[in-house]
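Note sheet for the following structure.
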Amino acid sequence: MNAREIEQAYAAARKVYADCGVNTETALAALETVPLSLQCWQGDDVGGFELAGAALSGGGLAVTGNYPGRARTPRELRDDLEKALALIPGRHRVNLHSTYGEFGGEYVPRDSFRPDHFRGWVDWARERGLGLDFNATLFAHPLAESGYTLSHSDQKVRRFWIEHVKRCREIGAWMGEELGTPCGHNLWIPDGSKDETVSRRLRREILRESLDEIYTTTFPRAALKDSVESKLFGIGLESFVVGSHEFYLDWSRNQDVMMCLDMGHYHPTESVAEKISALLTFREELLIHVSRGVKWDSDHVVLFNDELVTLMQEIVRADGLDRVHLALDFFDASINRVGAWVTGARATLKALLFALLEPTERLREREAAGDGFGRLAWLEECKALPLGAVWNEFCSRGRVPAGTEWIEAIRADEARLRERR
C-alpha cells in the first residue's frame, strides 16, 4: 500500500470508530507507549554462547526444527534483532538469557558471570535506544541434569545456582543503571519430576529458603524489577513442578517481586487473561510472557487469535496498560527466525490496538444499566470494525512496512542469510 492509500483508509476508519465513541488518535498514542521485550532466544534456538562445560539438555526444553540461518555469534544475533526491530512499529526492548554473554572465548562458570560479559549488549542497546531485560539460566547445564536446581537436596548444587541468580540480579541492576531504564529480571527454574513425587513439601521448603536468601539483597526499582515465573508442567515434569503458580503467588505476596504469567504455563483450558484483574487488585505490576501453546506448553509463534485478544482486552479494561509488562516467549526453529519474531510482535501489538479501539466506556454503560443484550451486541459488532486501516496507519507513522510488505522484506534478506550461514 502506498502512503496515499493508507491515509485515505485511515481517514475513513477514523470516522467509523468516532461514530462508536472511539478516538483512534488516543488509541494510537497509547499503543506508542507500550514496549515489547523481544526474546533473544528465538534467534538461535536457545543455544547461547557458552563454550565447553554446558550442554543444551534437560530442563524441560524442546526446540524443534533445523531451519537454516541460526545466529552463531552475538554479532549475528544482534544483526538479526535489528532486522526484526526495523519491521516492528514502536520502540521496544530486548530480553537476554544469561548464557548470551560474551565470554572472550573462555568457559566462565555461571556463578561467576559479571557485568563485563554483557558490556557489548549494553553498548549496542544504548546506541539504538533500547532497554534490556535479563534472565538467570537454570537449565542446559550438567548441574541441572537431575531436574532440580534451587530446590536441590545437595547443598553444593543448590549453592551454585543461588550464586548464579545473585550474579544475574546484580548484572540486571547494572544494565538498568547503565541504560537509564529498569531492567526486568525474571526467574524461571526447571525443577520438578516426571512421575509421582512424595517429598513435594520438602522441595518447596528448600526452594523458599533459596529464594529468601537470593532476594535479601534489594536494588532500586529504577534499576531492577524482579519477577518469578510459575509453571504447571513441562517435558519431564509432567507430575510435579516445584515452582507452581500457588507457590510463587504466596511467596511473592510480601516481596517486591512481580508475578510472571506465561500464556503457555497453565492448563490449556485455563485463561491467563482472567488472572490479570485479580492480581492487579493486590499488586502494582505484572509481567506477561506472550506465547502460544498448541495442546501443551509448546511456545509456538504468537498469532492474532482469541486468546491473545482477550488477554489484551483485560489489560486495557483493567486500566493496566502502565502496570503490565509484555515480553515475547516463543522459539520456533522450523521457520525463518527473524520472520517468527516479526510475526509474533506485530500480532501482539495488533491485538493490543484492537483492545484500545474497543468502545469500553459504552460497554461499561450498557453493563451498569443491566443491558446484557446491548453489551453483547456491541462486543460482536466491534469484531467488524476497520482495525486493519488503523494498524497500517500505526505502521506508516512508525516508518515500518504496512500491509504485507514486511513479508517480502524478510524474504529478500533470506537468500543473503542462507549464503553466509
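- For Arg203 and Tyr148, the positive end sits near the middle of the six-membered ring, less than 6.0 Å away and at most 45° from its axis.
- Put simply, the side chain of Leu379 reaches to within 4.5 Å of the side chain of Glu358, judged on heavy atoms.
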Determine, step by step, whether Asp297 and Lys231 satisfy the salt bridge (Lys or Arg N to Asp or Glu O under 4.0 Å) criterion, reporting the C-alpha distance in whole Å, the side-chain angles of both residues, the deciding distance to 0.1 Å, and the verdict.
CA-CA 9 Å; Asp297 176 28; Lys231 194 166 187 176; 3.0 Å; yes
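- Under the 3.5 Å distance criterion, with hydrogens and angles disregarded, a donor-acceptor pair is assigned to the side chains of Ser98 and Thr137.
- Checked against side chain to side chain donor-acceptor pair (under 3.5 Å), Lys275 has the following partners two or more places apart in sequence or in another chain: Glu270.
- Around NZ of Lys166, the count of heavy atoms belonging to other residues, nucleotides or ligands within 6.0 Å exceeds 12.
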Run the salt bridge (Lys or Arg N to Asp or Glu O under 4.0 Å) test on Glu163 and Arg167 for me, step by step, so that the C-alpha distance in whole Å, both residues' side-chain angles and the decisive distance to 0.1 Å come before the verdict.
CA-CA 6 Å; Glu163 291 303 317; Arg167 300 291 82 74; 2.8 Å; yes
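- Other residues, nucleotides and ligands contribute at most 12 non-hydrogen atoms within 6.0 Å of the CZ atom of Arg411.
- Between Glu361 and Arg364 a salt bridge is recorded (basic side-chain N to carboxylate O distance below 4.0 Å).
- Listed by chain and number, the residues in a salt bridge (Lys or Arg N to Asp or Glu O under 4.0 Å) with Arg158 amount to none (sequence neighbours excluded).
- The closest side-chain heavy-atom distance from Trp188 to Asn135 is not below 4.5 Å.
- Trp341 places no side-chain N or O within 3.5 Å of a backbone atom of Lys83 that could act as its donor or acceptor partner.
- For the pair Asp191 (side chain) and Thr149 (backbone), a donor-acceptor distance under 3.5 Å is present.
- For the pair Cys395 and Arg346, the minimum side-chain heavy-atom distance is below 4.5 Å.
- Atom-to-atom distance recorded for Phe113:CZ and Phe134:CZ is 7.5 Å, nearest 0.5 angstrom.
- Using a cutoff of 4.0 Å between basic side-chain nitrogens and carboxylate oxygens, Arg159 and Asp111 are not scored as salt-bridged.
- Around atom CZ of Arg362, more than 12 heavy atoms belonging to other residues, nucleotides or ligands sit under 6.0 Å away.
- The closest donor-acceptor contact from the side chain of Ser244 to the backbone of Phe247 lies under 3.5 Å.
- Between the Thr99 side chain and the Gly48 main chain, no donor and acceptor come within less than 3.5 Å of each other.
- Contact annotation: the side chain of Trp406 approaches that of Thr343 to within less than 4.5 Å [non-hydrogen atoms, C-beta and beyond].
- The shortest distance between side-chain heavy atoms of Leu28 and Leu353 falls below 4.5 Å.
- Tyr248 places a side-chain heavy atom less than 4.5 Å from the side chain of Leu211.
- Residues passing the salt bridge (Lys or Arg N to Asp or Glu O under 4.0 Å) test with Arg169 are Asp226, sequence neighbours excluded.
- Every side chain to side chain contact (heavy atoms under 4.5 Å, CB included) that Arg323 has, sequence neighbours left out, goes to Leu280.
- The distance between the ring centers of Trp251 and Tyr215 falls below 6.0 angstrom.
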Would Glu246 and Arg204 count as a salt bridge (Lys or Arg N to Asp or Glu O under 4.0 Å) if you check the C-alpha gap in whole Å, the side-chain angles of each, and the deciding distance to 0.1 Å?
CA-CA 11 Å; Glu246 294 78 9; Arg204 285 174 171 146; over 6 Å; no
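- Among residue pairs with one or both ends in residues 61-75, those qualifying as salt bridge (charged side-chain N to carboxylate O under 4.0 Å, His left out) are Arg72-Glu76; sequence neighbours excluded.
- For the pair Ser271 (side chain) and Glu274 (backbone), a donor-acceptor distance under 3.5 Å is present.
- Take Asp133 and apply the salt bridge (Lys or Arg N to Asp or Glu O under 4.0 Å) test, not counting sequence neighbours, and it matches Arg93.
- With a 4.5 Å cut-off on side-chain heavy atoms, Trp174 and Cys183 do not count as touching.
- Salt bridge annotation for Arg119-Asp116: absent, with no cationic side-chain nitrogen under 4.0 angstrom from a carboxylate oxygen.
- Residues Glu393 and Arg397 are paired through a salt bridge, judged by an N-O separation under 4.0 Å between the basic side chain and the carboxylate.
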Is there a salt bridge (Lys or Arg N to Asp or Glu O under 4.0 Å) between Glu284 and Arg221? Walk through the geometry before answering.
CA-CA 12 Å; Glu284 288 300 315; Arg221 285 186 68 82; over 6 Å; no
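- Rounding to the nearest 0.5 Å gives a distance of 11.5 Å between NE2 of His325 and CG of Asn186.
- Taking the side chain as every heavy atom from C-beta outward, Glu178 and Phe118 never approach each other to under 4.5 Å.
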After noting the C-alpha distance and the side-chain angles of His117 and Phe49, does the key distance pass the ring-ring contact (aromatic ring centres under 6.0 Å, His included) rule?
CA-CA 11 Å; His117 298 135; Phe49 304 118; over 10 Å; no
